[in-house]
Amino acid sequence: MQSILKNFYRKFNRNYQHEFLFKKELSYFKDAKRILDLGCGEGVFLTLDKKRIIGVDSNKKSIKLCKEKRLNAIYASVTKLPFDKETFDGVHCSHLIEHLMPKDAHKMLSEVARVIKKDGVLVLSTPILWKGFYNDFTHIKPYTPESILRYLTYGSRDKTLTDIRSKFTKIDFYWRYRPISFPGRIGYLISNYLYQFGFHSWKKDAYTMVLRKE
């Protein structure tokens, strides 16, 4: 029985939740010719459309793995992107900003505003302060939707850091939820698989916002 479970785990061991959420995020870029993925990691989002998406990451090991998979990824800092102004039709940023100090998060948003074209789409996902947030040593702080919109949209006051010249309009927003909890590795895999069919807990742990550059 144990060997059967191990074979089952090896065969179906994929992050179905991430794949489902990434495909949903990609749908917002249906009209984009060039898409930039910030903090691309090992290239999960890049594999969804190898021709249109280029990834950026400051982890050399991650970039090496992307190259081995023949994915388009380069080593660079998200606070100083090596691209010209208005290069991309869309920018994807998933679970990255929470790893940055406020000044660096502001620099990244400024760089996004610089490299994205007029009418280009920004899809940004990040966790909120749920009970497991700081279990990740590299999590600096959660950023609320209001804190990000304060710098990217009109009508927001009391900014501590400098204003970002380019402005965006919010076109969509949705919460993301924790998977249903089942014990063990097989249980985790099952809960991860069920997520794509809408079977999840009602505990919010992250959000996704979609903005269009004016």
Quiz item: Are Phe168 and Leu38 in one and the same hydrophobic cluster, where Ile, Leu, Val, Met, Phe, Trp and Tyr link if side-chain heavy atoms are under 4.5 Å apart?
Solution: yes
Quiz item: In terms of hydrophobic clusters joined by side-chain contacts under 4.5 Å, are Trp130 and Trp202 together?
Solution: no
Self-check item: Neighbour count above 12 (heavy atom, 6.0 Å) for Lys170 NZ
Solution: no
Quiz item: Any side-chain heavy-atom pair from Ile97 and Ile148 closer than 4.5 angstrom?
Solution: yes
Output side-chain donor-acceptor pairs under 3.5 Å for residues 62-75, partner residues at least two apart or in another chain, one line each.
residue, atom, partner, partner atom, Å
Lys67, NZ, Ala73, O, 2.8
Lys69, NZ, Glu42, O, 2.9

Exercise. State whether Arg178 and Asp205 are salt-bridged, where the test is any N-O pair (Lys NZ or Arg NE/NH1/NH2 against Asp/Glu carboxylate O) under 4.0 Å.
Key: yes
Quiz item: In terms of side-chain heavy atoms, does Thr208 have a donor or acceptor partner in Ser125 at a distance below 3.5 Å?
Solution: yes
Quiz item: In a check of side chain to side chain donor-acceptor pair (under 3.5 Å) between Thr126 and each of Glu98, His99, Arg176, which one passes?
Solution: Glu98
Quiz item: Take atom CG in Asp84; do more than 12 heavy atoms of anything else shown fall under 6.0 Å from it?
Solution: no
Practice problem: Please round to the nearest 0.5 Å and tell me the distance separating atom CZ of Arg212 and atom CG of Leu122. | Solution: 11.5 Å
Self-check item: Leu149 versus Thr153, closest heavy-atom pair with distance
Solution: O-OG1, 2.6 Å
Practice problem: Would you mind reporting whether Leu109 and Leu124 have side-chain heavy atoms less than 4.5 Å apart? | Solution: yes
Quiz item: Would you say Asp89 and Asp31 make side-chain contact, with heavy atoms under 4.5 Å?
Solution: no
Practice problem: Please report the closest heavy-atom contact between Val56 and Phe83, naming both atoms and the distance. | Solution: CG2-CE1, 3.8 Å
Quiz item: Is there a path from Val91 to Ile171 through hydrophobic residues (I, L, V, M, F, W, Y) whose side chains come within less than 4.5 Å of each other?
Solution: no
Quiz item: Around Phe20, counting heavy atoms of other residues, nucleotides and ligands shown, do more than 12 lie under 6.0 Å from its CZ?
Solution: yes
Quiz item: Would a 4.5 Å heavy-atom cut-off, applied to side chains only, mark Leu36 and Leu81 as touching?
Solution: yes
Exercise. Salt-bridge test for Lys61 and Asp57: reply yes if a basic N is under 4.0 Å from a carboxylate O, no otherwise.
Key: no
Quiz item: Taking only residues two or more places apart in sequence or in another chain, which ones pass ring-ring contact (aromatic ring centres under 6.0 Å, His included) with Phe29?
Solution: none
Exercise. Can you see which heavy atom on Lys23 is nearest to which on Leu48, and at what distance?
Key: N-CD1, 4.0 Å
Quiz prompt | Met209 CE to Cys93 SG distance, which is reported to the nearest 0.5 Å | solution = 11.0 Å
Quiz item: Are Leu26 and Ile53 side-chain neighbours, meaning at least one heavy-atom pair lies under 4.5 Å?
Solution: yes
Quiz item: Are Phe88 and Leu152 connected, step by step, through hydrophobic side chains (Ile, Leu, Val, Met, Phe, Trp, Tyr) whose heavy atoms are closer than 4.5 Å?
Solution: yes
Quiz item: Of all heavy-atom pairs between Phe133 and Ile128, which one has the smallest distance, and what is that distance?
Solution: CD1-O, 3.4 Å
Practice problem: Determine yes or no for a side-chain-to-main-chain donor-acceptor pair under 3.5 angstrom, with Arg34 supplying the side chain and Ile54 the backbone. | Solution: no
Quiz item: Do Val210 and Val121 have side chains that get closer than 4.5 Å, going by heavy atoms?
Solution: yes
Self-check item: Ring geometry between Phe45 and His92 (parallel below 30°, tilted from 30 to 60°, perpendicular above 60°)
Solution: parallel
Quiz item: Should we say atom CZ of Phe199 is surrounded by more than 12 heavy atoms from elsewhere, each under 6.0 Å from it?
Solution: no
Quiz item: Regarding Lys141 and the six-membered ring of Tyr143, is the cationic atom NZ or CZ under 6.0 Å from the ring centre and inside 45° of its axis?
Solution: yes
Quiz item: Heavy-atom distance under 4.5 Å between the side chains of Ile164 and His106, does that happen here?
Solution: yes
Quiz item: Can you check whether Asp49 reaches Ile35 side chain to side chain, under 4.5 Å on heavy atoms?
Solution: no
Practice problem: Could you pull out the closest heavy-atom pair between Ile116 and Lys213, with the gap in Å? | Solution: O-NZ, 2.8 Å
Quiz prompt | All ring-ring contact (aromatic ring centres under 6.0 Å, His included) counterparts of Tyr195, not counting sequence neighbours | solution = His200
Quiz item: Does Val123 belong to the same Ile/Leu/Val/Met/Phe/Trp/Tyr cluster as Leu100, with side-chain heavy atoms less than 4.5 Å apart forming each link?
Solution: no
Quiz item: Can you list the steps and then say if Leu194 with Phe182 is a side-chain contact (heavy atoms from CB on, under 4.5 Å)?
Solution: CA-CA 11 Å; Leu194 291 175; Phe182 294 116; 4.2 Å; yes
Exercise. Test side-chain contact (heavy atoms from CB on, under 4.5 Å) on Val78 and Glu111 and set out the steps.
Key: CA-CA 8 Å; Val78 296; Glu111 282 291 271; over 6 Å; no
Quiz item: Of the non-hydrogen atoms in Thr79 and Ser77, which two are nearest, and what is the gap between them?
Solution: OG1-OG, 2.7 Å
